[in-house]
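Read the structure below first, then the notes.
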Amino acid sequence: MTAGSEGRWARIVAVIVALVVAVMIYSGLHWTAVAPSKVETIDASTLHLSGEFMEANLGTSIQPDRSAVVRMIAQQYAFVPRCIVVPADTPVTFRVTSPDVVHGFLIVGTNVNTMVVPGYVAEVRTRFDRTGEHVMPCHEYCSVGHEGMWAHVKVLDRLEFERVHGNQGRASCAG
Ligand code: CUA
């Protein structure tokens, strides 16, 4: 290698380092400036025992305004419920939390994509225009069982949803 090419490589490396630092500073400032509008905390150690995320409260519930709220727990190594059912053409709010470590919450083919952090409630709003099935993998490495952490979302026609699940307080297709 000649002295000239070494100098060129040194400059290239310097430029790359400068870019990485610039991206770090930019994203740091960005997330400070546009902090999530609503931060909701929750006691991760008592999730199963009381309050909103008790087992009997998990699943899909239809609100008085006809929208749907889906409550879910992401834990090592499953989502509870494992199979979510929602009506199509309906505003859907997902509320998800974790009792253990950080998990990822992603519904393939939709805008739903967030992290689930213990101690916080992740809330995502969406709407499914078409009936069908979506897969819901955990996309945040959460230790040895991560690869097997999957769930499903079934989108039913509104009338079918009401016929099959209308009289359940908390609907799911698991089990
Ligand atoms: Cu849970 Cu990866």
Side-chain angles (χ1 to χ4, degrees), residues 20 23-24 26-32 34-63 67-88 90-156 161 164-165 168-175:
V20 169
V23 166
M24 280 163 57
Y26 171 79
S27 57
L29 291 176
H30 177 78
W31 287 113
T32 311
V34 214
S37 55
K38 193 169 103 187
V39 175
E40 251 186 279
T41 57
I42 190 165
D43 184 349
S45 62
T46 58
L47 284 187
H48 300 282
L49 304 177
S50 64
E52 181 179 350
F53 291 91
M54 262 166 42
E55 192 161 356
N57 227 5
L58 302 178
T60 306
S61 64
I62 301 297
Q63 306 303 295
S67 70
V69 174
V70 184
R71 293 190 176 81
M72 239 189 311
I73 287 181
Q75 63 189 26
Q76 290 170 319
Y77 297 99
F79 292 94
V80 186
R82 284 168 188 273
C83 181
I84 304 293
V85 62
V86 290
T90 302
V92 179
T93 302
F94 286 95
R95 289 175 60 76
V96 193
T97 190
S98 162
D100 42 44
V101 300
V102 176
H103 298 277
F105 171 44
L106 168 79
I107 303 179
V108 174
T110 73
N111 66 338
V112 176
N113 183 350
T114 190
M115 282 203 300
V116 182
V117 182
Y120 296 88
V121 179
E123 188 176 290
V124 184
R125 289 158 203 267
T126 191
R127 184 185 189 100
F128 298 88
D129 294 330
R130 271 173 295 169
T131 59
E133 251 190 90
H134 298 264
V135 285
M136 203 181 96
C138 175
H139 67 93
E140 196 68 44
Y141 182 74
C142 52
S143 192
V144 292
H146 164 73
E147 297 294 331
M149 188 169 167
W150 285 79
H152 292 264
V153 179
K154 260 189 200 168
V155 185
L156 297 184
F161 181 91
V164 179
H165 300 285
Q168 299 171 343
R170 300 286 180 272
S172 79
C173 42

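Every number for a ligand or one of its atoms is a count from 1 in the order of the listing.
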Taking all heavy atoms of [X] and all of [Y], pick out the closest pair and write down the distance.
{"X": "Ala122", "Y": "Thr114", "value": "CB-CG2, 4.1 Å"}
{"X": "Gly104", "Y": "Glu140", "value": "N-CB, 3.3 Å"}
{"X": "Pro118", "Y": "Ala44", "value": "CB-CB, 4.3 Å"}

Backbone or side chain, does Met149 get an N/O/S atom under 2.8 Å to atom 1 (Cu) of ligand 1? yes
Suppose you place the vertex at atom 1 (Cu) of ligand 1; what is the angle out to Cys138 SG and Cys142 SG, to 10°? 120°
To atom 1 (Cu) of ligand 1, the closest N, O or S atom belonging to His103 is ND1
In terms of the angle between their ring planes, are Phe105 and Phe79 parallel, tilted or perpendicular, with boundaries placed at 30° and 60°? tilted
When the ring planes of Phe128 and Phe94 are compared, do they come out parallel, tilted or perpendicular, using 30° and 60° as the limits? perpendicular
Report the atom name of the nearest N/O/S atom of Glu140 relative to atom 2 (Cu) of ligand 1.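 Checking each N, O and S atom of Glu140, the shortest distance to atom 2 (Cu) of ligand 1 belongs to O.
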For atom 2 (Cu) of ligand 1, find the closest N/O/S atom belonging to His146 and write down its atom name.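 Result for His146 and atom 2 (Cu) of ligand 1: ND1.
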Atom 2 (Cu) of ligand 1 to nearest N/O/S of His139 less than 2.8 Å: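 His139 does not place any N, O or S atom closer than 2.8 Å to atom 2 (Cu) of ligand 1.
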